[in-house]
S.K.: 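What follows is a single structure, and I will ask about it in a moment.
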Number of protein chains: 2
Amino acid sequence: MKRQPTPDHLLLDQQLCFALYAASRSVTGLYRPLLEPLGLTYPQYLVMLVLWEQDGLTVRELGQRLQLDSGTLTPLLKRLQTAGLVSRQRRKEDEREVDIRLTDAGLALRDKASGIPECLAQCMQLSLDQMQTLRDELKRLTRQIQLPPSED
Amino acid sequence: MKRQPTPDHLLLDQQLCFALYAASRSVTGLYRPLLEPLGLTYPQYLVMLVLWEQDGLTVRELGQRLQLDSGTLTPLLKRLQTAGLVSRQRRKEDEREVDIRLTDAGLALRDKASGIPECLAQCMQLSLDQMQTLRDELKRLTRQIQLPPSED
DNA sequence: CAAAATTGAATTGTACACAATTTAATTTTG
DNA sequence: CAAAATTAAATTGTGTACAATTCAATTTTG
């Protein structure tokens, strides 16, 4: 009774998903030593990127931009608040919403972060063109996936 | 005193890292409803893929294949054991190593999983060729990143 | 060969992710 | 307008990730 070999399509090295998962974690790992001096984790850095771009968003708006829900963002934002980088305030117009704003320290941190993208680009050994192409392919993939699998 | 606009290279939409991070989480999300009937999470599915391919690896070998450490794998493997899908046994030759083996149920699960890759391919709306190209680009990126940033 | 160094898992502690529920505020509707 | 429905955060619970430490087993070395 010989055991059937695994069919090709179940081989780990065939999986796009694993290539994505591994690449994402590897890149995040590259950020770690660069963000550590700023006192930020990678997801916290993403939140800061959004706020540096547009300050004063609600938790919901941040979540839409990063595709994260309040279960992830609420504790993360509390840590950023404890670190003195953002403030959290209920909105006057609608008390259900919480306004996230950069503090002076949070805004100032942008300067210390401004060298990071270039540093990363070097670490990844890709040309600017290669990076843009790959990035846009991944965006397209994410966009197409956005439509749910088969919710009838 | 007007606030400086964020420089282009700090814009979220410019980041390859975020495109990767978002795509990876989106794809994992696609797996969720497919793996739920099998009682697996996505990282658990990856472990099963490795074991279906080669049974009887140590925690360390699994970790090398998936780029995960014992802090992640030990609890994950205990859950797979509790689910009756794998066994964990100290190796006779070297008692430090723990051998992970599929149970009959673990091996049997492969048949129920065999349709998943095709299902995913459809959800991603990519041709087989596009998938392979993207996968190989990501593998190359991960491989290049493997070399540490600048550990002198 | 015994002390020192190394190795492999496990453990501890922090920080995501995300489903599901809860709570409070607002909007809709009969 | 008041009850019902909806919405936004927060909370709860489970499961990763990963750094750092611990512990036991094996290797290396003086």
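Every chain is numbered from 1, with letters handed out A, B, ... down the list of sequences. The basis for the numbers below is simple: all heavy atoms, side chains too, and nothing from hydrogens, waters or symmetry mates. The structure displayed is predicted, hence computed values, not measured ones.
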S.K.: Let me spell it out: for each of B:S70 and B:P75, pick the nucleotide of DNA chain D with the closest heavy atom. Which residue's pick is nearer the 5' end?
M.R.: B:P75
S.K.: Nearest-Å distance, CG (A:L76) to P (D:dA9)?
M.R.: 15 Å
S.K.: Under 3.5 Å, side chain of A:S24 to main-chain N/O of A:L20, donor-acceptor pair present?
M.R.: no
S.K.: Please check the phosphate of D:dA9 (OP1 and OP2 only) for any side-chain N or O of A:T58 closer than 4.0 Å.
M.R.: yes
S.K.: Just how far, in rounded Å, is C1' of C:dT6 from CD of B:E97?
M.R.: 13 Å
S.K.: Would you call the rings of B:Y42 and A:Y21 parallel, tilted or perpendicular, where under 30° means parallel and over 60° means perpendicular?
M.R.: perpendicular
S.K.: What orientation do A:Y45 and A:W52 show, parallel under 30°, tilted 30 to 60°, or perpendicular over 60°?
M.R.: perpendicular
S.K.: Does OP1 or OP2 of C:dA15 have a side-chain N or O of A:Q44 closer than 4.0 Å?
M.R.: no
S.K.: Is the distance from OP1 or OP2 of C:dC18 to the nearest side-chain N or O of B:R32 less than 4.0 Å?
M.R.: yes
S.K.: Check this for me: does the side-chain of A:T41 come within 3.5 Å of the base of C:dA15 through a donor and an acceptor?
M.R.: no
S.K.: Whole angstrom is fine here: how far is it from CG in B:L57 over to P in C:dA9?
M.R.: 11 Å
S.K.: Look only at the side chain of A:K139 and the backbone of B:D13, and say whether a donor-acceptor pair between them is shorter than 3.5 Å.
M.R.: yes
S.K.: Measure the distance from CD on B:Q89 to P on D:dA25 and round it to the nearest whole Å.
M.R.: 16 Å
S.K.: Can you spot which of B:E53, B:Q54, B:R110 makes a side-chain hydrogen bond (donor to acceptor under 3.5 Å, both in side chains) with A:T6?
M.R.: B:R110
S.K.: Quick one: B:L77 CG to C:dA10 P, roughly how many Å, whole number?
M.R.: 8 Å
S.K.: May I ask you to evaluate whether B:R25 reaches the phosphate of C:dA17, defined as a side-chain N or O under 4.0 Å from OP1 or OP2?
M.R.: no
S.K.: So A:L68 and A:L62, side-chain contact (heavy atoms from CB on, under 4.5 Å) or not? Walk me through it.
M.R.: CA-CA 8 Å; A:L68 293 170; A:L62 273 171; over 6 Å; no
S.K.: For the side chain of B:T72, counting heavy atoms from C-beta on, which of D:dT16, C:dG8, D:dA19 is nearest?
M.R.: D:dT16
S.K.: Determine which nucleotide pairs with C:dA3, using a 3.5 Å limit on both distances of a Watson-Crick or G-U wobble pair.
M.R.: D:dT28
S.K.: Can you tell me the distance, in whole Å, between the OH atom of A:Y31 and the P atom of D:dA17?
M.R.: 19 Å
S.K.: In whole Å, what is the span from the CG atom of A:L66 to the P atom of C:dC16?
M.R.: 12 Å
S.K.: Rounded to the nearest angstrom, tell me the gap between atom CG in B:L85 and atom P in D:dG15.
M.R.: 13 Å
S.K.: Can you find a donor-acceptor N/O pair under 3.5 angstrom joining the side chain of A:T74 to the base of D:dA9?
M.R.: no
S.K.: Look at all strands and tell whether B:L73 reaches a base, only sugar-phosphate, or nothing, counting heavy atoms closer than 4.0 Å.
M.R.: nothing
S.K.: If you check every side-chain atom of A:R88, which of D:dT16, D:dA10, D:dA9 has the closest atom?
M.R.: D:dA10
S.K.: My understanding is that only one of B:R88, B:R91, B:K92 makes a salt bridge (charged side-chain N to carboxylate O under 4.0 Å, His left out) with B:D99; could you say which?
M.R.: B:R91
S.K.: Indicate, with a heavy-atom threshold strictly under 4.0 Å, whether B:R79 touches base, sugar-phosphate, or nothing.
M.R.: base
S.K.: Show the distances under 3.5 angstrom between N or O atoms of the protein and N or O atoms of nucleotides 21-29 of chain C.
M.R.:
from, atom 1, to, atom 2, distance (Å)
C:dT26, OP1, A:E95, N, 3.0

S.K.: Do B:E97 and B:R90 meet the salt-bridge criterion of a basic N to acidic O distance under 4.0 Å?
M.R.: no
S.K.: Counting any heavy atom closer than 4.0 Å, what does B:T28 reach on the DNA or RNA strands: base, sugar-phosphate only, or nothing?
M.R.: nothing
